[in-house]
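These figures come from a predicted structure and were not determined experimentally.
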Amino acid sequence: LRMGWDIGGCTSGNSRTFLLSWAARDFGTQFAEPIADILQKHFELGYARRPESMVQATRKTGTKWDWFSLDNYNDEAQRRIDAYDKLIRKTDELYAQLPGELKDAFFQMVLYNVKCAGLHNKKVLYAQKSHAYGAQGRASAAGYARLAQKALDELKAVIEHYNTSLVTVGDKWNHMASMPGPYGGQAHQFDMPPLSHYSGSGPASLKMALEGGDDYVLPDFSVYSKNRRFIDLYNSGAGAVRWTAQVSDDWVRLSESSGQFDKESRIWVTVDWDKAPKGRKQRATVTFKGTGKALRASVTAFNPAFPTPEKVVGFVESHGYVSIEAEHYSRKVDKGGAGWEIIAGLGRTGDSVTVLPPTIPANTGSAIASSSPVLEYDVYLFSTGTMTVTLQSSPTRPIHAGYGLRYAVSFDGGTPVEVSGGSASVVDNVRKMQKQFTLAKAGRHVLKLWMVDPGMVLDKIVIDTGGVVDSYLGPPESFSNLKRRRAASD
């Protein structure tokens, strides 16, 4: 509404300023910062996928709810659950601190929105786990079904309080916050996904599920990302499982080396890089024993002698990709009275960038290199040959007749190559545009992103050298010393 009568007051970088001023006006300056923090995270999670789109039913695809990966990138679904748990906890803690006369307003304007979105997400994501783990034969499936139902019950309680129990208004708003009825394309958006109530059958039996979905091999570890991977030990039967673990090499670390569980236990695997030998494929084995059987998982560490993480320049390839949040450019060059600017708070996993002002003409052909604003990203690649560059943008439309949906990409001193079209989803809030490039040499490169059409909003860049796996948000951002330097300067 503010933009409707004061568009000039809304810029690419002042969305937080607006939240702070609004929160200070309605709740006092002492609560403005934490309220702005809560809402910014709420908007980020909702932008990645809106609550009302967590369950979708169409005649063509049927009902779908399993958007986020359970297997890849440290269990993408669980990471979203954890983010909402943290956000709900912060919201409840702030609500408890507010004086009584502010509680109802905070409930309506902040708490209701945050908790309903979070609880609905938890309901769907726990249901996804229940359904998938039941099919896998995990005795924990029924427990996730209970967690999904608990989230739904808590959601209903929040709605009931909004409708009938606000102190200052009573039941004035009754039914204003009710779930919609069964109509049209939204008939099933708040349905409970299918649940599994499997809780184990037969004697206790130790089973293992690895991150990445392979039966025996974990996805690799990298000295640059210093990542971790999970191994789920689970019971397919009833009763307690006692287990122990051994590693073949002392540079492999486990979050636990022995224990007991009835349903499941998630073990985190990391690498002690001070002990890990140098080499691109250092191998080790983790062996679990329990219920009379042994299960083995293979570990691979990527630990080249050169370049070291402290000396490498740019975003470093690990795990078969380079993933870059678009706002983390190394340099930018403004041209033609315009330049790339960061849009704070707009993005599925961070901020975004766009060219401002958007009133300049599009550039094509030789005019791209001579007249277009450009972003430069330092990257370090170990791979050579053909690789795919994916540009994840907001699913915008051309801003005016005569404009298209195009960028241009080049490596090093190469000629800019137009990238256009791609698949767009307003529900997913992303347009994915791809182009293949062939690089003959490993080592340091500069990826350049050129404006072709103004009005494009870039969120993320992924260079796939053969390792990108299925997920909703794409691979997490790669290691870069640039991020460290910026954080230190900030």
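The existence of a salt bridge linking Asp378 and Arg331 is confirmed by a sub-4.0 Å separation between a basic side-chain nitrogen and an acidic carboxylate oxygen. We find that Asp232 and Lys207 are not joined by a salt bridge, their nearest charged nitrogen and carboxylate oxygen being 4.0 Å or further apart.
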When you look at Arg80 and Asn121, which way does the side-chain hydrogen bond (donor to acceptor under 3.5 Å, both in side chains) test go after all the steps?
CA-CA 8 Å; Arg80 188 168 175 86; Asn121 268 265; 2.8 Å; yes
Passes salt bridge (Lys or Arg N to Asp or Glu O under 4.0 Å), Lys448 versus Asp412? Steps please.
CA-CA 7 Å; Lys448 298 181 181 180; Asp412 306 318; over 6 Å; no
Intermediate values then yes/no, side-chain contact (heavy atoms from CB on, under 4.5 Å), Val158 and Glu154
CA-CA 6 Å; Val158 174; Glu154 292 178 7; 5.7 Å; no
Go through the steps to decide whether Thr300 and Arg283 satisfy the test side-chain hydrogen bond (donor to acceptor under 3.5 Å, both in side chains), and finish with yes or no.
CA-CA 5 Å; Thr300 304; Arg283 300 187 185 277; 3.3 Å; yes
Pair Glu76-Ser69, side-chain hydrogen bond (donor to acceptor under 3.5 Å, both in side chains): steps then yes or no:
CA-CA 5 Å; Glu76 195 179 39; Ser69 174; 5.1 Å; no
Run the numbers on Leu449 and Tyr329 for side-chain contact (heavy atoms from CB on, under 4.5 Å), then give the verdict.
CA-CA 10 Å; Leu449 193 287; Tyr329 50 83; over 6 Å; no
Test side-chain hydrogen bond (donor to acceptor under 3.5 Å, both in side chains) on Gln78 and Lys129; report intermediate values, then the result.
CA-CA 9 Å; Gln78 185 63 49; Lys129 288 199 168 215; 3.0 Å; yes
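For residues 213-223, the side chain to side chain donor-acceptor pair (under 3.5 Å) pairs, not counting sequence neighbours, are Asp220-His319, Ser222-Ser318. Contacts classified as side chain to side chain donor-acceptor pair (under 3.5 Å) and involving residues 89-98 (residues at least two apart or in different chains) are given here: Asp92-Lys115. Applying the side chain to side chain donor-acceptor pair (under 3.5 Å) test to every pair with at least one member in residues 102-112, sequence neighbours left out, gives these pairs: Asp104-Thr168. Residue pairs meeting the side chain to side chain donor-acceptor pair (under 3.5 Å) criterion with at least one partner in residues 463-476, sequence neighbours excluded, are Arg49-Tyr472, Glu317-Thr465.
One distance of note links CG of Leu447 with OG of Ser330; it measures 9.5 Å at 0.5 Å rounding. Distance check, rounded to the nearest 0.5 Å: OG of Ser165 to CD1 of Ile159 gives 13.0 Å.
Cation-pi geometry between Arg444 and Tyr380 is not satisfied (NZ or CZ under 6.0 Å from the ring centre, within 45° of the ring normal). Annotation: cation-pi pair Arg280/Phe302 absent, no NZ/CZ under 6.0 Å from the ring centroid and within 45° of its normal.
At distances below 3.5 Å, not a single donor-acceptor pair connects side-chain atoms of Ser258 with backbone N or O atoms of Thr244. Under the 3.5 Å distance criterion, the side-chain polar atoms of Ser298 are left unmatched by any main-chain donor or acceptor of Val217. Within the 3.5 Å criterion, the main-chain N or O of Gly237 finds no donor-acceptor partner in the side chain of Ser205. Judged by distance alone, with hydrogens and angles left aside, the side-chain atoms of Thr164 form a donor-acceptor pair with the main-chain N or O of Glu160 at under 3.5 Å. Although no hydrogens or angles enter the test, the distance criterion places a donor-acceptor pair under 3.5 Å between the side chain of Ser352 and the main chain of Leu346. Looking only at distances, a side-chain donor or acceptor of Asp351 sits under 3.5 Å from a matching main-chain atom of Gly345. The main-chain N or O of Asp250 is never found under 3.5 Å from a side-chain atom of Asp272 such that the two would form a donor-acceptor pair. A donor-acceptor pair is defined here as one N or O able to donate and one able to accept, closer than 3.5 Å; such a pair exists between the side chain of Asp459 and the backbone of Arg348. When atom types are taken as modelled, the side chain of Ser478 and the backbone of Ser323 share a donor-acceptor pair closer than 3.5 angstrom. Side chain of Glu477 to main chain of Glu325: a donor-acceptor pair is present (N/O by atom type, distance under 3.5 Å, no hydrogens or angles).
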Name the atoms and distances for all side-chain donor-acceptor pairs under 3.5 Å in residues 432-439, with sequence neighbours left out.
| unit_1 | atom_1 | unit_2 | atom_2 | d |
| --- | --- | --- | --- | --- |
| Gln434 | NE2 | Thr390 | OG1 | 3.0 |
| Thr438 | OG1 | Thr386 | OG1 | 3.2 |

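Across all their heavy atoms, Tyr407 and Ser393 have their closest contact at OH-OG, 2.7 Å. Between Tyr73 and Val469, the shortest heavy-atom contact is OH-N, 3.2 Å. Residues Trp251 and Gln282 approach most closely at CH2-O, 3.8 Å, considering heavy atoms. Nearest approach of Lys226 to Val223, heavy atoms of both residues: NZ-O, 2.8 Å. Listed here is the closest heavy atom pair of Gln260 and Trp243: N-NE1, 3.8 Å. Between Pro193 and Val55, the shortest heavy-atom distance links the atoms CG-CG2, 4.2 Å.
Looking at Asn235 and Leu206, their side chains never come closer than 4.5 Å, going by heavy atoms from C-beta outward. The side-chain heavy atoms of Tyr133 and Tyr234, taken from C-beta on, include no pair separated by under 4.5 Å. Side-chain atoms of Met192 and Leu152, non-hydrogen and from C-beta on, do get closer than 4.5 Å to each other. A 4.5 Å side-chain heavy-atom check between Ile324 and Val379 finds at least one atom pair inside the cut-off. Leu19 is not listed as a side-chain neighbour of Ile35, based on a closest heavy-atom distance of 4.5 Å or more. Here the side chains of Phe190 and His120 are in contact, with some heavy-atom distance below 4.5 Å. Side-chain atoms of Gln246 and Phe288, non-hydrogen and from C-beta on, never get closer than 4.5 Å to each other. Contact annotation: the side chain of Glu327 never approaches that of Lys460 to less than 4.5 Å [non-hydrogen atoms, C-beta and beyond].
Using cut-offs of 30° and 60° for the angle between ring planes, the Phe382 and Tyr224 rings count as tilted. Between Tyr162 and Phe107, the ring planes are tilted. Angles from 30° to 60° get that label.
Heavy-atom neighbours of Glu44 CD from other residues, nucleotides or ligands within 6.0 Å: above the threshold of 12. Residue-environment remark: NZ (Lys150) stays at or below the threshold of 12 foreign heavy atoms within 6.0 Å. The number of heavy atoms from other shown groups lying within 6.0 Å of NZ (Lys293) is above 12. In this structure, Lys278 places its NZ atom where more than 12 heavy-atom neighbours from other residues, nucleotides or ligands lie under 6.0 Å away.
Aromatic ring centres of Trp273 and Phe221 lie farther apart than the 6.0 Å criterion allows.
A donor-acceptor contact under 3.5 angstrom links the side chains of Glu264 and Tyr144, judged on distance only. Judged by distance alone, the side chains of Glu211 and Asn72 never bring a donor and an acceptor atom under 3.5 Å apart. Defined by atom type and a distance below 3.5 Å, a donor-acceptor pair is missing between the side-chain atoms of Tyr198 and Ser140.
For the side chain to side chain donor-acceptor pair (under 3.5 Å) test, residues two or more places apart in sequence or in another chain that qualify with Arg16 are Glu33, Asp37, Gln40.
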